Amino acid sequence: MHSMVSEATRQLRIDDAFANADADSDGRLCRGDVKVAWIELFGYKPCRRELDLIMHCWPTDEFVTLDTFRRLASARMSRLDADGQLRHAFAALDSGGRNFLRAEDLRRAVGLLAPRLAAGGFAVDRAFAEVDADADAESPIGLRVRH
């Protein structure tokens, strides 16, 4: 899903965060350095449990190398990117800005993207019914956006 440029940009950001946090310039990060790099990349300080998981991915459990940090940070960024794409798609369907979807939102989107599928309406209504717990086409779809 990502272009070569965005992947290169991602790696550059990770490498820069690593270099900025590598206080000793020895090519490895201690626990405190990992916190600094994580804050630079993601804007939050990792909790103890998350930091333990990061540190235990390296055999010594004391230091993290650039390669290990790249792998871990890249995986975290991928998860964030996927969440962001889902939020963006959800917002595009949520025409009323209500933070939930209605059957009419789904019908409108399918009508624009797949008019032949929307022509009968049965497939759209059936798909919505799968996620509509109370069977009310005007009720929320059950997917809510977290901010």
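These numbers were taken from a predicted model, which means no experiment stands behind them.
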Nearest 0.5 angstrom please: [X] [atom1] to [Y] [atom2], how far?
{"X": "Thr65", "Y": "Asp26", "atom1": "OG1", "atom2": "CG", "result": "11.0 Å"}
{"X": "Asp16", "Y": "Leu41", "atom1": "CG", "atom2": "CG", "result": "9.0 Å"}
{"X": "Met77", "Y": "Glu7", "atom1": "CE", "atom2": "CD", "result": "9.5 Å"}

_Residues in side-chain contact (heavy atoms from CB on, under 4.5 Å) contact with Arg49, at least two apart in sequence or another chain_ = Cys47
Are any non-hydrogen side-chain atoms of [X] and [Y] less than 4.5 angstrom apart?
{"X": "Ile14", "Y": "Phe69", "answer": "yes"}
{"X": "Gln11", "Y": "Ser74", "answer": "yes"}
{"X": "Arg13", "Y": "Phe18", "answer": "no"}
{"X": "Arg28", "Y": "Val64", "answer": "no"}
{"X": "Glu40", "Y": "Lys35", "answer": "no"}

Does [X] share a hydrophobic cluster with [Y], counting links as ILVMFWY side-chain heavy atoms below 4.5 Å and allowing steps through other members?
{"X": "Leu72", "Y": "Phe42", "answer": "yes"}
{"X": "Phe63", "Y": "Val36", "answer": "no"}
{"X": "Leu66", "Y": "Leu12", "answer": "no"}

*State, to 0.1 Å, how close Asp15 and Arg70 come at their nearest heavy-atom pair, and which atoms those are.*
OD1-NE, 2.8 Å
*Answer yes if the side chains of Ser78 and Arg10 hold a donor-acceptor pair under 3.5 Å, and no otherwise.*
yes
*Examine distances only and state if a side-chain atom of Asp22 and a backbone atom of Leu29 form a donor-acceptor pair shorter than 3.5 Å.*
no
